[in-house]
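The sequence lines fix the lettering, A, B, ..., with proteins before strands; numbering per chain opens at 1.
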Amino acid sequence: MPELPEVETTKRGISPHVLGKKITKVIVRESRFRWPISPELQAQVEGYTVRTIERRAKYLLFGLDHGYFMLHLGMSGSLFITKQSNPVQKHDHVEFYLPNKLSLRFNDPRRFGSLLWVGSSPHEHELLLRLGPEPFANEFNGDWLFKKSRGKKCAVKNYIMDNHTVVGVGNIYANEALFLSGIRPGKAARRISRAQYNSLATIIVDVLNASIDMGGTTLKDFVGGDGKPGYFQQTLQVYGRANKPCRTCQSPIKLIRLGQRSTYYCPQCQN
DNA sequence: ACGAAGCCCTGCAAGC
DNA sequence: TGCTTGCAGGGCTTCG
């Protein structure tokens with residue numbers, strides 16, 4: 001389940017091997033993804049050079065001279081550089097041949113990911129057009145969270161996981177950030193104070209940044225490796241810790257479901 | 001406009 | 001041991 005830090009880490013990991021390189025061949029072994037991979041993609045990409053790689057939310061945008069293709073890792077996707085001669089593993093669904101007998105491979109067991117040709121204005125694409133701000137953008141702060149939340153009855157956890165509020169906050173980081181902010185996840189978004197949103201916004205940015213920094217330590221393993229997710233290396237405070245003692249107060253961590261997602265919190269520390 | 005639920009899919013763990 | 005069942009989850013889509 002790649003969260004934003006893994007997508008950013010992936011981008012940084014593959015960039016040196018992909019930027020300025022010509023994609024000589026595209027092999028689609030499985031086209032059934034979130035949306036089927038169109039034959040157009042292969043035709044548009046083969047023989048062209050990658051000029052830019054951007055991340056928007058959890059999407060990666062690959063810029064060629066005549067347009068962009070966009071890739072999402074879904075829940076189980078990974079993207080890595082490998083030698084063309086290395087055996088194709090299960091779920092290595094798409095392969096981009098690069099110079100020097102290297103390849104960029106897209107592996108995705110659950111196929112919740114996507115790969116789309118989006119033409120010359122990717123940011124105008126339907127999937128990106130109405131997304132909220134990046135967490136690292138200036139416009140994302142406590143003030144934004146507070147103002148946008150007025151009148152919203154939904155749980156604050158669902159609110160911060162909504163891509164219209166801010167992008168890139170997945171289930172794990174939503175749980176962790178709410179714990180670190182002392183906010184109970186089921187509380188209505190409109191009932192959170194400005195001060196609490198200031199704290200929450202800062203913590204979201206800090207947690208994502210820390211995770212990207214840790215992810216960066218695995219970059220050297222990207223050739224032939226898989227880029228270990230950053231969050232496995234950090235100590236999770238509540239996520240996956242149902243009934244275990246809170247690291248702060250020893251109270252058992254509670255597990256509930258909000259918006260069909262596992263939600264963990266400390267009933268003592270979060271109000 | 002909002003919010004909740006449904007759906008896509010495979011791997012893994014638990015239960016029998 | 002080998003089956004069946006349930007759960008996990010990002011995010012688009014549909015329904016109320």
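Partners of F33(A) under the ring-ring contact (aromatic ring centres under 6.0 Å, His included) rule, at least two apart in sequence or in another chain, are H93(A), F106(A).
Rounded to an integer number of Å, the gap from CG of L131(A) to C1' of dC12(C) is 12 Å. Here dA4(B) presents its C1' atom at 14 Å from NZ of K157(A), a figure rounded to the nearest Å. Here dG10(C) presents its P atom at 15 Å from CH2 of W35(A), a figure rounded to the nearest Å. Here the C1' atom of nucleotide dG11(C) and the CZ atom of F33(A) are 16 Å apart, to the nearest Å. Between the P atom of dG11(C) and the NE2 atom of H125(A) lies a distance of 15 Å, rounded to the nearest Å. Rounded to a whole Å, the CG atom of N175(A) is 12 Å from the P atom of dA8(C). Between the P atom of dT10(B) and the CD atom of Q89(A) lies a distance of 18 Å, rounded to the nearest Å. Atoms CG (N163(A)) and C1' (dT13(C)) sit 14 Å apart, rounded to a whole Å.
Within the 4.0 angstrom heavy-atom criterion, only backbone atoms of the sugar-phosphate kind lie near R257(A); the bases stay farther away. Residue L127(A) is classed as a sugar-phosphate contact, given heavy-atom separations below 4.0 Å to backbone atoms only. Using a 4.0 Å heavy-atom cutoff across all strands shown, R34(A) reaches at least one base atom of the nucleic acid.
For dG11(B), the OP1/OP2 oxygens have a side-chain nitrogen or oxygen of K90(A) closer than 4.0 Å. The phosphate of dA8(C) (OP1 or OP2) has no side-chain N or O of R261(A) nearer than 4.0 angstrom. Phosphate proximity of dT10(B) to H91(A): absent, as no side-chain N or O sits under 4.0 Å from OP1 or OP2. Here Y59(A) reaches the OP1 or OP2 of dC12(C): one of its side-chain N or O atoms lies under 4.0 Å away. Checking the phosphate oxygens (OP1, OP2) of dC2(B), no side-chain nitrogen or oxygen of K153(A) falls inside 4.0 Å. Taking side-chain N and O atoms only, Y239(A) has a distance below 4.0 Å to OP1 or OP2 of dG9(C). OP1 or OP2 of dC9(B) has not a single side-chain nitrogen or oxygen of S76(A) nearer than 4.0 Å.
Residue-nucleotide stacking is present for F112(A) and dC8(B), judged by a side-chain ring centre under 5.5 Å from the six-membered base ring centre and planes under 30° apart.
The shortest non-hydrogen separation linking R257(A) to S262(A) is NH1-OG, 3.5 Å.
Separation of the W117(A) and H66(A) ring centroids falls under the 6.0 Å cut-off.
Taking for each of C154(A) and Q260(A) the nucleotide of DNA chain B with the nearest heavy atom, the 5'-most of the two is the partner of C154(A).
Looking only at atom types and distance, the side chain of N243(A) has no donor-acceptor partner in the side chain of K254(A) under 3.5 Å away. Using modelled atom types and a 3.5 Å distance limit, the side chains of K83(A) and S103(A) yield no donor-acceptor pair.
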